[in-house]
Amino acid sequence: MSQSNTFTLDGKTIPYSEGQTIIQAAMAAGEYIPHLCFNPEFKPHGSCKLCTVKANGRQTASCTQHPAPDMVVESDTKEINDERRTLLQMLFVEGNHFCPSCEKSGNCQLQATAYQLNMMSPHFDQFFPDRPLDASHPDYLLDFNRCILCSLCVRASRDVDGKNVFALSGRGIKSHLIVNAKSGRLADTNFSGDDKAAHVCPVGVILKKRVGFAIPIGSRSFDEQPISATPHPQGACPVGPRSNAATLPPHPTVKDA
Amino acid sequence: MNAPTKKLRVATTSLAGCFGCHMSFLDIDERLLELVQLVEFDRSPLTDIKHCGPCDIGIIEGGLCNAENVHVLREFRANCKILIAIGACAINGGLPAQRNHLSLSAILEEVYHAQHGLVDGFIPNDPELPLPLDKVHPIHEVVKVDYFIPGCPPSADAIWKVLTDLLAGKEPELGHGLIHYD
Ligand code: SF4
Ligand code: SF4
Ligand code: FES
């Protein structure tokens with residue numbers, strides 16, 4: 001018996017192929033499901049839970065869940081979007097996100113997702129954590145204040161660059177990003193601007209030095225169109241325009257700062 | 001349009017802010033003429049009234065960096081039916097909150113004693129001066145806030161949209177292009 005390899009996403013029929021996750025099939029069909037730690041070029045991490053959907057009535061991370069024939073998936077509902085907004089608010093208050101002085105503003109996936117989900121305030125009390133910068137490297141700066149622990153840099157450095165420059169350390173609220181050097185400083189690793197890890201951060205942590213504000217605030221990618229309308233073809237992430245330029249189609253809409 | 005029966009009373013203030021949000025508010029330009037048909041101003045930098053009386057809408061720019069900010073905020077909350085936080089500083093502390101990872105004593109020491117070029121500096125202690133808070137806080141951490149207009153500053157169009165939505169009795173809504181954190 002041949003089964004229909006389709007499921008429905010908010011009532012729309014989505015085809016899928018064996019091995020695809022819900023979010024991969026949805027993206028291939030041009031549908032947007034909010035996500036932060038997922039990037040189609042990497043193995044899913046399943047940690048941010050922004051991509052949560054209801055599949056046949058049960059909540060699950062769509063970046064790790066595989067669809068089943070005729071599965072009923074709900075994503076763009078008030079209930080789920082309210083929960084996603086709460087997750088975003090927690091991410092914002094846990095770090096220090098002063099967008100007006102952030103080089104990533106307008107190209108930031110966290111910020112654009114918060115716009116998409118109408119996050120008008122952080123709601124919770126700010127943690128105001130003390131997270132010193134690492135400006136030791138000659139070409140790159142690490143601003144840990146904005147890290148959302150998505151592990152994309154960890155995955156890129158380990159799986160693509162074969163370097164293991166970054167790691168997540170600690171547990172629960174104490175989790176934080178570390179640099180694998182005895183000194184803990186980026187300058188004391190073999191990190192380079194040519195690394196994949198230099199170009200995957202969805203927020204403003206891993207920043208190239210001396211290119212600040214080349215494109216003015218207000219004229220950046222997500223100023224022009226919301227993240228949900230930004231084409232997200234398989235293999236090219238809207239926030240990773242510099243990545244794998246040789247093998248991936250250039251992303252038409254994201255401006256490289 | 002017929003003349004409105006009763007004008008809504010609006011108060012505005014800037015706490016730990018830079019007045020940029022007020023400047024952006026003035027950027028609604030000739031729409032101000034339309035607005036003053038519908039509202040009248042209570043306490044505001046535009047009127048120089050010193051205390052906030054009973055109002056329909058209170059608009060707060062800036063966060064809380066000293067004791068006076070907290071008193072003014074509480075006066076607004078006690079008097080305004082609807083309280084709006086406008087701008088990054090009111091909403092998440094903004095620029096002034098960038099001091100929060102430093103101790104207040106270290107900051108005062110640096111600014112009034114240790115800074116290069118200071119001779120016989122002293123930390124001002126006139127009783128007229130409001131005491132600085134240990135940390136800068138957004139206003140929703142102290143009073144209930146009904147609506148938020150994010151941005152640094154929010155655009156005149158965003159401010160206009162929220163005000164006109166409220167005046168029309170609608171839930172304010174900023175869509176793409178009007179919601180900004182920068
Ligand atoms: S990383 Fe994104 S959300 Fe955080 S300050 Fe920068 S632009 Fe804002
Ligand atoms: S530095 Fe960026 S890519 Fe790395 S874990 Fe933090 S947010 Fe993710
Ligand atoms: S995108 Fe699926 S859990 Fe983060």
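Every value quoted in this text rests on a predicted model; they were computed, and no experiment measured them. Per chain, numbering begins at 1; letters A, B, ... match sequence-line order.
With rounding to the nearest 0.5 angstrom, the CD1 atom of A/Ile14 is 5.0 Å from the CG atom of A/Leu9.
Using a 4.5 Å cut-off between heavy atoms, B/Leu102 makes no contact with chain A at all. For a residue to count as touching a neighbouring chain, one of its non-hydrogen atoms must lie under 4.5 Å from one of that chain's; by this rule A/Phe92 touches chain B with the side chain only. If you measure heavy-atom distances from B/Val145 to chain A, you find no contacts under 4.5 Å at all.
When atom types are taken as modelled, the side chain of A/Ser151 and the backbone of A/Val154 share no donor-acceptor pair closer than 3.5 angstrom. In this structure, A/Lys208 contributes its side chain and A/His199 its backbone to no donor-acceptor pair below 3.5 Å.
Under a cut-off of 6.0 angstrom, the local environment of CZ in A/Arg210 is crowded, with over 12 non-hydrogen atoms contributed by other residues, nucleotides or ligands. Crowding of A/Lys12 atom NZ: a count of heavy atoms from other residues, nucleotides or ligands under 6.0 Å not exceeding 12.
A/Asp188 and A/Ser183 share a side-chain donor-acceptor pair at under 3.5 Å.
Each side-chain hydrogen bond (donor to acceptor under 3.5 Å, both in side chains) pair with one or both residues in residues 172-181 of chain A, not counting sequence neighbours, would appear here, but there are none.
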Between chain A and chain B, which N/O donor-acceptor pairs sit under 3.5 Å?
residue  : atom : partner  : partner atom : Å
A/Ser105 : OG   : B/Asp182 : OD2          : 2.6
A/Tyr115 : OH   : B/Tyr181 : N            : 2.8
A/Met119 : O    : B/Tyr181 : OH           : 2.6
A/His123 : O    : B/His140 : NE2          : 3.4
A/Phe124 : O    : B/His140 : NE2          : 3.0
A/Gln126 : N    : B/Glu141 : OE2          : 2.7
A/Asp223 : O    : B/His176 : NE2          : 3.3

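For the options B/Gly94, B/Gly151, B/Ala88, heavy-atom pairs under 4.5 Å to chain A are most numerous at B/Gly94. Of the listed residues (A/Gly218, A/Pro129, A/Cys102, A/Ala114), the greatest number of heavy-atom pairs within a distance under 4.5 Å of chain B belongs to A/Ala114.
Two residues are said to be in side-chain contact when any heavy atoms from C-beta on lie closer than 4.5 Å; A/Val53 and A/Ser75 meet this criterion.
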